[in-house]
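What you see below is based on every heavy atom in this structure, not just the backbone, and it leaves out hydrogens, waters and symmetry mates.
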Amino acid sequence: MQIIREIKPLKQILSDKKRQGLSIGFVPTMGYLHEGHLSLVRESKKNNDITVVSIFVNPTQFGPNEDLDRYPRDFERDEKLLRNEGVDVIFYPDVKEMYPDNYMTYVNVERITDRLCGIKRPGHFRGVATIVCKLFNIVKPDRAYFGLKDYQQVLVIKRMVEDLNMDLEIVPMPIVRESDGLAMSSRNVYLSEDERRSALSLSRSFLLVDELIKRGERDVKKIIKEVSDFILSHPYTQIDYVEIMDPDTLDYKDTLHGRFLLALAVFVNKTRLIDNKIFEV
Ligand code: AMP
């Protein structure tokens with residue numbers, strides 16, 4: 001496994017591999033890896049000759065009052081995990097390598113970013129699209145793997161790839177959960193034992209939605225209210241959003257029919273957690 005910190009040698013190595021006819025799978029991450037990340041790595045290993053994982057805590061996708069400085073980092077541990085999975089290359093650049101002093105260019109995906117995390121975290125998707133575009137230009141993967149835990153992010157990246165005529169396949173992967181249902185996240189380390197118990201209210205609210213649907217409820221406002229009340233009945237919780245939308249377009253809905261996405265963002269004290277699920281009526 002090679003660990004590469006600079007763009008130029010990485011491009012060199014990967015263009016040699018391409019010339020040999022080898023396919024490249026790519027998994028972009030911010031590190032502090034868990035089974036969710038590793039599920040993407042395993043899928044990439046299965047379907048590509050070479051797997052590249054990037055570890056970069058991207059400053060441009062964090063707002064001024066967010067957790068950039070305290071975001072968990074442990075490169076040694078990540079390196080061991082990736083070595084175990086048989087990853088070929090880790091790209092681990094520093095901030096100056098990705099954003100030198102004279103940096104000026106950003107990628108803005110419109111409309112689909114004017115809701116959910118796009119409104120709650122202004123500039124977030126501009127930062128995500130920019131770094132992912134840069135990483136795609138550096139790695140030139142055949143396939144790139146993204147988790148549906150960040151549902152809106154997958155739609156934004158797919159849109160960017162289509163709109164900018166990029167030549168790669170985006171592979172969305174299912175959410176990996178702890179045995180009690182909590183969606184895995186690097187940010188879960190912030191949670192105290194009590195907070196973690198409250199954090200379960202996100203995934204448990206899915207059972208409530210199943211129940212409401214079974215009882216024949218189709219009014220989106222009522223379901224959102226029930227889910228919000230349920231989450232807020234747990235200590236330390238504060239709702240950032242609870243929304244029900246069309247899973248393909250992220251258009252808002254009034255009544256339920258067919259498939260719908262329930263998207264949640266909840267603060268448990270200072271920790272912001274997201275989760276989502278697609279239902280069908
Ligand atoms: P991050 O390091 O949080 O930027 O995540 C890197 C990639 O891993 C993104 O595509 C995430 O959607 C994905 N990911 C994070 N958590 C999970 C999870 N619990 N299940 C599946 N994929 C995940």
Hey, any chance [X] and [Y] share a hydrophobic cluster, counting ILVMFWY side chains that come within less than 4.5 Å of each other, even indirectly?
X      : Y      : result
Val27  : Leu33  : yes
Leu148 : Val41  : no
Ile278 : Ile274 : yes
Leu82  : Ile13  : no
Met245 : Ile223 : no

Got a second to check how far [X]'s [atom1] is from [Y]'s [atom2], nearest 0.5 Å?
X      : Y      : atom1 : atom2 : result
Leu38  : Glu85  : CG    : CD    : 5.0 Å
Asp67  : Lys270 : CG    : NZ    : 11.5 Å
Asp229 : Ser205 : CG    : OG    : 12.0 Å
Arg159 : Ile112 : CZ    : CD1   : 7.5 Å
Phe125 : Gln152 : CZ    : CD    : 3.5 Å
Ile244 : Leu256 : CD1   : CG    : 5.5 Å

With a 3.5 Å distance limit and no angle check, can you tell me whether [X] reaches the backbone of [Y] through a side-chain donor-acceptor pair?
X      : Y      : answer
Arg218 : Ile213 : yes
Ser54  : Phe91  : no
Lys253 : Phe260 : no
Asn58  : Met30  : no
Thr130 : Arg126 : yes
Ser186 : Tyr32  : yes
Tyr92  : Asp94  : no
Asn188 : Ala183 : yes
Asp74  : Arg77  : yes

Next on the checklist: Could you check whether Asn48 and Arg143, counting side-chain N and O atoms only, form a donor-acceptor pair closer than 3.5 Å?
Outcome noted: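 Short answer, yes.
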Next on the checklist: For Asp88 and Thr51, which I'm curious about, is there any donor-acceptor pair between the side chains at under 3.5 Å?
Outcome noted: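 Not at all, the side chains of Asp88 and Thr51 share no donor-acceptor pair under 3.5 Å.
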Checklist entry - For the residue pair Leu155 and Asp248, what are the closest heavy atoms and their distance? => result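 Here Leu155 and Asp248 meet closest at CD1-O, 3.8 Å.
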Checklist entry - What pair of heavy atoms forms the shortest contact from Ser39 to Met173, and how long is it? => result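 Here Ser39 and Met173 meet closest at O-CE, 3.9 Å.
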Quick one: does [X]'s side chain get under 4.5 Å of [Y]'s, heavy atoms only?
X      : Y      : answer
Lys11  : Ile138 : yes
Asp163 : Glu110 : no
Met98  : Ile7   : yes
Ile24  : Lys140 : no

Item to check | side-chain contact (heavy atoms from CB on, under 4.5 Å) against Asp251, all qualifying residues, sequence neighbours excluded | outcome: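 Scan of Asp251 (side-chain contact (heavy atoms from CB on, under 4.5 Å), adjacent residues dropped) gives Arg115, Asp246, Thr249.
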Item to check | side-chain contact (heavy atoms from CB on, under 4.5 Å) partners for Lys120, two or more places apart | outcome: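 Testing Lys120 for side-chain contact (heavy atoms from CB on, under 4.5 Å), a comparison that skips the adjacent residues, returns Asp240, Tyr241, Arg272.
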Count the heavy atoms of every other residue, nucleotide or ligand shown that sit under 6.0 Å from [atom1] of [X], and state whether that count exceeds 12.
X      : atom1 : answer
Lys45  : NZ    : yes
Glu76  : CD    : no
Asp167 : CG    : no
Arg111 : CZ    : no
Lys222 : NZ    : no

Checklist entry - So His37 and His34, would you call those rings parallel, tilted or perpendicular, with 30° and 60° as cut-offs? => result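 The rings of His37 and His34 sit tilted, inter-plane angle from 30° to 60°.
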Next on the checklist: Would you call the rings of Phe206 and Phe279 parallel, tilted or perpendicular, taking 30° and 60° as the class edges?
Outcome noted: perpendicular
Checklist entry - Per the side-chain contact (heavy atoms from CB on, under 4.5 Å) rule, which among Val132, Val171, Val156 passes with Phe146? => result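 Only one option passes, and that is Val132.
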Item to check | Residue pair Arg73, Asp78: steps toward the salt bridge (Lys or Arg N to Asp or Glu O under 4.0 Å) verdict | outcome: CA-CA 9 Å; Arg73 294 161 166 91; Asp78 291 346; over 6 Å; no
Checklist entry - Looking at Arg42, Arg177, Lys149, which one forms a salt bridge (Lys or Arg N to Asp or Glu O under 4.0 Å) with Glu35? => result Arg42
Next on the checklist: Please evaluate residues Asp101 and Lys96 with respect to the criterion salt bridge (Lys or Arg N to Asp or Glu O under 4.0 Å), reporting the C-alpha separation (whole Å), side-chain torsions for both, the decisive distance (0.1 Å), and the verdict.
Outcome noted: CA-CA 7 Å; Asp101 287 336; Lys96 279 274 173 286; 3.2 Å; yes
